[in-house]
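Remarks on the structure that follows.
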Amino acid sequence: MADDPRAASLLKRYSTLQQQRSNWEHHWQEVADYICPRKADITKKRSGGDKRSELIFDGTAIHAAELMAASLHGMLTNPSTPWFDLRYQNDDLNSDDEAKEWLESAVDVMYQHMARSNFAEQIHELYSDLVVFGTGVIFTENDGDDGFRFSTRHIAECYVSENESGRVDTVYRKYKTTARAAVRQFGEQNVTTRIAKLNSDDMYAEIELLHIVMPREDRDPRKKNTKNMPFASVYIDPDEKMIIGESGYDELPYCIPRFLKASFEMGYGRSPSMTALPDTKMINKMSEVVIRASQLQIHPPLMVPDDGFMLPVRTTPGGLNFYRSGTRDRIEPLNIGANNPLGEHMLEQRRQAIRSAFYVDQLTLGTGPQMTATEVIQRTEEKMRLLGPVLGRLQAELLQPLINRCFAILSRQKAFEPAPASLQDDSIDIEYVSPLAKAQRSSEIQGVMQMTEFLMPLMQVDQTVIDHIDMDGLAKHIIKVTGTPATVVRGKGEIAGLRDQRAQQQQQQTEMAQASQMAEAAGAAAPALRAVDETELDLEALVGAA
């Protein structure tokens, strides 16, 4: 079978990406060996179930990395609390009851589908890759006609490239599958002869395929088919150099966040594990030495006279050693001069350095006996704000494209209620309401509270000070910063109706008060009027008599 020229061209690009990634592979392998042995399959290839902890003598770095991955999961994408919301770019729509209720119902649908999917376990694996390798890869795809499915890919499988904006837009993934799975996915008429033969001989035999996702430059936007979508999806049999499947995506299905990234390095990021690697290697070597020194102290070498004892020397509990009667020779331990406290002090210094590299002090709250609840809250928020740079990159490279991809998939599946006509062309922004995002904005609430505390004494002196505060604007700001759900906040129309109703009630009360005052005045004037009437009658009677 002749080689496919297009497949050969794509494989040439793949070779270039392999060369660009080669330096990273040795770094990843070393980091994984000491900090995440379960994923240490970069340059070393091991069988499943093999022991991988032969280099580990101290688990501080392993536990710190696991703590950081779990903390990022809990603070950014906690499945038990809301961590994102949607809002309109047009502020008028954010005050419209109908528009806001539709958007909130769409958010509820997204949360429901995420809860039914495998999002929680796969996103945790992504955070683990971020903390260890500095680069994570998660794939989002349709799950039939109902929802979506996630898959975190091991960094050893993926080769990436950036666009002119510094965002990853090209992913080459070389992975293993069975001949049976390849035939079921692509059809027997589309796979190469090699794969078809393997499927007939041994359907469970493993093969390697190359999956390429990249921007499609030569598409025709007027054609709505899989081969004219913005992103191309190409499957290649690298051994036969033939394309066995091609389709496309409306959005990049991969999210490739980097924990930290140097401006002169392309594609891949750096991690806290890389920062802690020198201390991790040192503490493992030091622990090995301290263990040996402790072993020598517990079970030291013995000094035995050459002719005073009958060999062998028994060091087991209850062992009997015979020596010549009348001699003063004894078995004595050899003092090696070990200083275990010094070794433990040096180990603790390295452990603290490793914990600092993984932000353990920021992720765990040390409370004292005299701390109030308010002080605990403030300390927690201050520590979370230190992770601001990490949050910014993860929002841009992970959360935003992930939410956009999920929203687009559900929109195409018609999982949302029909949108009002006024919303068809309006843009939607993402608002993050996770515990970490709220902590970043907590200083705004503290500023408002300080303002009110400062103004309260002034208002007791002069009531006109309150004129400086726009109460409606203040309420909107607090609702926005705290991420209060729309279901507990009244819309602009409801507020206007309540205020009109309140104004009418006040007007009615004023009118009733005026009528009451007029009635009271009339009642008070009645005796005087009667007296005047009686006086007039008396005068008329006198005039008639005269």
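Computed from heavy atoms alone, side chains included, the values below leave out hydrogens, waters and symmetry copies. Keep in mind that this is a model prediction, so the values were computed, not measured.
Of all non-hydrogen atoms in W83 and L76, the two that sit nearest each other are CB-O, 3.2 Å. V137 and C158 get closest at one heavy-atom pair: CG1-SG, 3.9 Å. For the residue pair A357 and P272, the shortest heavy atom distance occurs at O-CB, 3.4 Å. Residue W102 comes nearest to S105 through the heavy atom pair O-OG, 2.5 Å, listed as atom of the first residue, atom of the second, then distance. Nearest heavy-atom pair across L126 and P257 is CD2-CG, 4.1 Å. Closest approach of G269 and T135 over heavy atoms only: N-OG1, 2.8 Å.
At distances below 3.5 Å, not a single donor-acceptor pair connects side-chain atoms of R355 with backbone N or O atoms of A64. Judged purely by atom type and a 3.5 angstrom limit, R216 uses its side chain to pair as donor or acceptor with the backbone of M229. Distance alone, capped at 3.5 Å, is enough to place a donor-acceptor pair between the T280 side chain and the A276 backbone. Side-chain atoms of Q29 come within 3.5 Å of backbone atoms of T43 as a donor-acceptor pair (strictly under, hydrogens ignored). Using modelled atom types, one side-chain atom of R21 and one backbone atom of A156 make a donor-acceptor pair closer than 3.5 Å. S271 contributes a side-chain N or O that, together with a main-chain N or O of M274, makes up a donor-acceptor pair within less than 3.5 Å. In this structure, the side chain of S273 engages the main chain of V131 through a donor-acceptor pair within 3.5 Å. N163 places a side-chain N or O within donor-acceptor distance of the main-chain N or O of G166, the cut-off being under 3.5 Å. N404 places a side-chain N or O within donor-acceptor distance of the main-chain N or O of Q400, the cut-off being under 3.5 Å. Under a 3.5 Å cut-off, the side chain of R270 and the backbone N or O of A262 do not form any donor-acceptor pair.
The aromatic rings of H113 and F148 sit tilted, their planes meeting at an angle between 30° and 60°. Classified by interplanar angle (parallel below 30°, tilted 30° to 60°, perpendicular above 60°), the ring pair Y172/Y14 is parallel. Ring-plane geometry between Y268 and W24 is classed as tilted, the angle between the planes lying from 30 to 60 degrees on a 0 to 90 degree scale.
Applying the 6.0 Å contact sphere to NZ of K45 captures more than 12 heavy atoms from other residues, nucleotides or ligands. Atom CD of Q352 sits in a crowded spot, with more than 12 heavy atoms from other residues, nucleotides or ligands closer than 6.0 Å. Atom CD of E25 sits in a crowded spot, with more than 12 heavy atoms from other residues, nucleotides or ligands closer than 6.0 Å. With a 6.0 Å radius and a threshold of 12 heavy atoms from other residues, nucleotides or ligands, R184 has its CZ atom at or below the threshold.
We find that R351 and D58 are joined by a salt bridge, their nearest charged nitrogen and carboxylate oxygen being less than 4.0 Å apart. Between K39 and D129, at least one side-chain nitrogen of the basic residue sits less than 4.0 Å from a carboxylate oxygen of the acidic one, meeting the salt-bridge criterion. Under a 4.0 Å N-O distance rule, the pair R258/E162 qualifies as a salt bridge.
Taking the six-membered ring for Trp and the full ring otherwise, F150 and F139 have centroids separated by 6.0 Å or more. For F259 and F133, the ring centers are positioned 6.0 Å apart or more. Two rings, from Y432 and F84, have their centers 6.0 Å or more apart.
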Discussion item. For a salt bridge (Lys or Arg N to Asp or Glu O under 4.0 Å) check, start with the C-alpha distance between E104 and R87, then their side-chain angles and the critical distance, and finish with the verdict.
Written reply: CA-CA 9 Å; E104 190 160 288; R87 56 181 288 112; over 6 Å; no
Fill in: Trace of the salt bridge (Lys or Arg N to Asp or Glu O under 4.0 Å) decision for E397 with K261
CA-CA 12 Å; E397 296 186 349; K261 182 177 175 297; over 6 Å; no
Fill in: Steps toward side chain to side chain donor-acceptor pair (under 3.5 Å) verdict (R153, S151)
CA-CA 6 Å; R153 309 300 194 188; S151 177; 2.8 Å; yes
Worksheet item: When you look at I428 and Y88, which way does the side-chain contact (heavy atoms from CB on, under 4.5 Å) test go after all the steps?
Response: CA-CA 5 Å; I428 296 174; Y88 299 104; 4.2 Å; yes
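Within the 4.5 Å cutoff, the side chain of I123 has heavy atoms near those of the H73 side chain. The shortest distance between side-chain heavy atoms of K285 and K281 does not fall below 4.5 Å. Counting heavy atoms from C-beta outward, I195 and V183 have side chains that approach closer than 4.5 Å. Counting heavy atoms from C-beta on, the side chains of L398 and I138 come closer than 4.5 Å. No side-chain heavy atom of W28 sits less than 4.5 Å from a side-chain heavy atom of D33.
Y127 and T77 share a donor-acceptor pair across their side chains, judged by distance under 3.5 Å alone. Side-chain contact, R13 with S15: no donor N or O sits under 3.5 Å from an acceptor N or O.
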